[in-house]
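All remarks here apply to the structure that follows.
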Amino acid sequence: MKIAVLPGDGIGPEIVAQAAKVLEALRGDGLKIELEYAHLGGAGYDAAGDPFPPATEKLALEADAVLLGAVGGYQYDNLPRPLRPEQGLLRIRKGLGLFANLRPALVYPELVNASSLKPELVSGLDIMILRELTGDIYFGQPRGIRTLDNGERQGFDTMHYSESEIRRVAHVGFQIALKRNKKLCSVDKANVLDTSMFWREIVTGVAQEYPAVELSHMYVDNAAMQLVRAPKQFDVILTGNIFGDILSDEASMLTGSIGMLPSASLDANNKGLYEPCHGSAPDIAGADIANPLATILSVAMMMRYTFAREDIAQRIEIAVRKVLQQGLRTGDIYEAGMQKIGCAAMGDAVVAAL
Ligand code: IPM
Ligand code: MG
């Protein structure tokens, strides 16, 4: 298992260090794990003047999987756009062809009170959001800021999806649904956007190959509402890049603990980039208070999807559950009566439980 490790910025290095402890513990158990480090985001800019330096690209292309912390920081906010940390993230997604972004929203029984919704609405919640990650208005050309004939300036972007892009992510969605509760809800804005009308047509066509999966369609505004009204109606949500960006943040908050949510971004061969759903939290960087569990759970997803080691994935997930059952909490998921610990101590606790 050759893993490229990209700690990134802010709390990235701290949380990745905890995930690396878990990987090293697994190596101690006989797994052949090789970790190689490189820079992404602001760290790439600082080291090489580029948020996705060539050395990082080379390593990421050669590796079987990539583990990423987080990117971004105040000090980079005023750089020209191509040099900003987020561009590193978008370029590695595109460069590695990571079109299928899996973002689970899972409520742990131990953390049901962390949600801002009533416990009965979210207890047992288990949604998988599948976000298309390399197309849509994120990458569409032309884009820019132009001056119109009347002298007024105008910002513009282009939304488009080609048939092959929709088809391949739809297949991933149906296959994920087959392994779960066999319900797939495709989210679009087909009442307004031609891109979405086309999306709906192609997804409906792919559904013919998966008669066991119940397909439904929902407009994105309604989906945003349903997620806070009755989130348990969803099993798998399939959607495009921009809608998925927004809905996955919303869904993560249903769980109350964005510090717990991992993600996987996969290519056509299950090579993947694994990262926590949360950001680089520069305000708490270096304070040893960040929650490393989302990053550790990202390693579990890596074992499941890239290395097809469901056994190890579950071992990691069970270790995390055990730590929660022991009452150990980082600040973001702390409630009265529990024991508050730091980032490194949380990593040690998971390794011990493992
Ligand atoms: C995400 C983030 C990124 C995105 C940003 C940082 C470019 O919000 O992974 O959801 O918009 O995809
Ligand atoms: Mg986002």
Side-chain angles (χ1 to χ4, degrees), residues 89-105 127-143 156-227 231 233-251 263-273 301 305-306:
L89 193 56
L90 296 175
R91 281 168 57 201
I92 196 172
R93 287 173 179 170
K94 192 74 173 173
L96 269 58
L98 307 171
F99 65 90
N101 180 216
L102 279 60
R103 298 189 169 187
I127 301 176
M128 180 65 87
I129 296 192
L130 173 60
R131 167 189 177 193
E132 199 289 331
L133 202 59
T134 54
D136 204 354
I137 198 165
Y138 267 63
F139 294 94
Q141 293 291 345
R143 62 189 291 166
F156 64 104
D157 293 272
T158 304
M159 174 180 274
H160 56 62
Y161 261 122
S162 52
E163 182 169 349
S164 57
E165 286 176 315
I166 303 169
R167 206 172 271 288
R168 66 180 180 179
V169 76
H171 277 289
V172 175
F174 283 104
Q175 269 151 26
I176 292 171
L178 275 179
K179 291 191 195 143
R180 295 173 45 105
N181 292 328
K182 302 187 174 55
K183 277 169 52 183
L184 183 72
C185 180
S186 173
V187 171
D188 61 38
K189 188 68 184 171
N191 51 346
V192 176
L193 301 174
D194 282 9
T195 308
S196 281
M197 243 181 275
F198 186 59
W199 171 281
R200 194 175 276 219
E201 174 194 321
I202 301 305
V203 171
T204 303
V206 173
Q208 307 306 310
E209 298 175 45
Y210 300 90
V213 176
E214 180 195 318
L215 171 68
S216 60
H217 301 276
M218 197 180 277
Y219 299 137
V220 62
D221 49 348
N222 187 23
M225 180 176 71
Q226 296 300 332
L227 272 173
Q233 70 186 280
F234 296 108
D235 177 21
V236 181
I237 292 177
L238 165 67
T239 190
N241 204 345
I242 185 102
F243 299 152
D245 177 45
I246 299 164
L247 293 182
S248 64
D249 262 30
E250 186 187 7
S263 78
S265 305
L266 306 177
D267 76 359
N269 303 309
N270 288 332
K271 173 169 177 167
L273 179 145
M301 286 189 95
Y305 291 105
T306 291

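When a residue number appears, it is its place in the shown sequence, counting from 1. Remember, it's a predicted structure, so these values are computed and weren't measured experimentally.
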Closest approach of Met218 to Cys185 (non-hydrogen atoms, all atoms of both residues): CB-SG, 3.7 Å
Please step through side chain to side chain contact (heavy atoms under 4.5 Å, CB included) for the pair Asn241 and Ile137, ending with a clear verdict. CA-CA 8 Å; Asn241 204 345; Ile137 198 165; over 6 Å; no
How about Lys271 and Leu96: do any of their side-chain heavy atoms sit closer than 4.5 Å? yes
Do you know which two heavy atoms are closest between Gly240 and Tyr161, and how far apart they sit? CA-OH, 3.5 Å
Pairs under 3.5 angstrom only: tabulate donor-acceptor contacts from the side chains of residues 205-216 to other protein residues two or more places apart or in another chain.
from   : atom 1 : to     : atom 2 : distance (Å)
Gln208 : NE2    : Thr204 : O      : 3.2
Tyr210 : OH     : His171 : ND1    : 2.7
Tyr210 : OH     : Gln175 : NE2    : 3.0

Do the side chains of Asp235 and Lys182 get close enough for a salt bridge, i.e. N-O under 4.0 angstrom? no
If you compare all heavy atoms of Ile127 against all heavy atoms of Pro231, which two are closest, and at what distance to 0.1 Å? CD1-O, 3.5 Å
Below 4.5 Å, heavy atoms only, C-beta onward: do Phe234 and Gln226 meet side chain to side chain? yes
Starting at CH2 of Trp199, measure out to CD1 of Ile166 and round the result to the nearest 0.5 Å. 6.5 Å
Check: Val203 main-chain N/O paired with Glu201 side-chain donor or acceptor under 3.5 Å: no
Which heavy atom in Arg180 sits nearest to a heavy atom in Met128, and how many Å separate them? NH2-N, 3.6 Å
Within the 4.5 Å heavy-atom criterion, are Leu90 and Phe139 side-chain neighbours or not? yes
Distance-only donor-acceptor check, side chains Thr134 and Glu132, under 3.5 Å: yes
Can you sort out the partners of Phe243 under ring-ring contact (aromatic ring centres under 6.0 Å, His included), two or more places apart, ordered by chain and number? none
Could you grab the distance from atom CG of Asn191 to atom CG of Asp221, nearest 0.5 Å is fine? 6.5 Å
Is there a donor-acceptor pair under 3.5 Å between the side chain of Thr158 and the backbone N or O of Gly140? no
Heavy-atom closest contact (Gly135 atom, Glu165 atom, distance): CA-OE2, 3.8 Å
Before you tell me yes or no, could you show the steps for Phe198 and His160 under side chain to side chain contact (heavy atoms under 4.5 Å, CB included), namely the whole-Å CA-CA distance, both residues' side-chain angles and the distance that decides it to 0.1 Å? CA-CA 10 Å; Phe198 186 59; His160 56 62; over 6 Å; no
Checking Arg131 side chain against Ser265 main chain: does a donor-acceptor pair fall under 3.5 Å? no
Any donor-acceptor pair under 3.5 Å from Asp267 side chain to Gly97 backbone: no
Let me confirm one number: the CG-CD1 distance from Leu98 to Ile92, rounded to the nearest 0.5 Å. 7.5 Å
Without swapping roles, check the side chain of Asn101 against the backbone of Ala264 for a donor-acceptor pair under 3.5 Å. yes
With a 4.5 Å limit on heavy-atom distance, are the side chains of Ile237 and Leu227 in contact? yes
Could you go through the side chain to side chain contact (heavy atoms under 4.5 Å, CB included) check for Asp188 and Tyr219 one step at a time? CA-CA 5 Å; Asp188 61 38; Tyr219 299 137; 3.6 Å; yes
Looking only at heavy atoms, the pair that brings Ser196 and Lys189 closest together is OG-N, 2.9 Å
Assess the residue pair Met159 and Asp194 against the criterion (side chain to side chain contact (heavy atoms under 4.5 Å, CB included)); give the C-alpha distance rounded to whole Å, side-chain angles, the decisive distance to 0.1 Å, and a yes or no. CA-CA 9 Å; Met159 174 180 274; Asp194 282 9; over 6 Å; no
Quick check: do Val172 and Leu266 have side-chain heavy atoms less than 4.5 Å from each other? no
To the nearest 0.5 Å, what is the distance between NZ (Lys94) and CZ (Arg91)? 13.5 Å
Check Ile129, Ile176, Leu184 against Leu238 for a side-chain contact (heavy atoms from CB on, under 4.5 Å) and give me the one that passes. Leu184
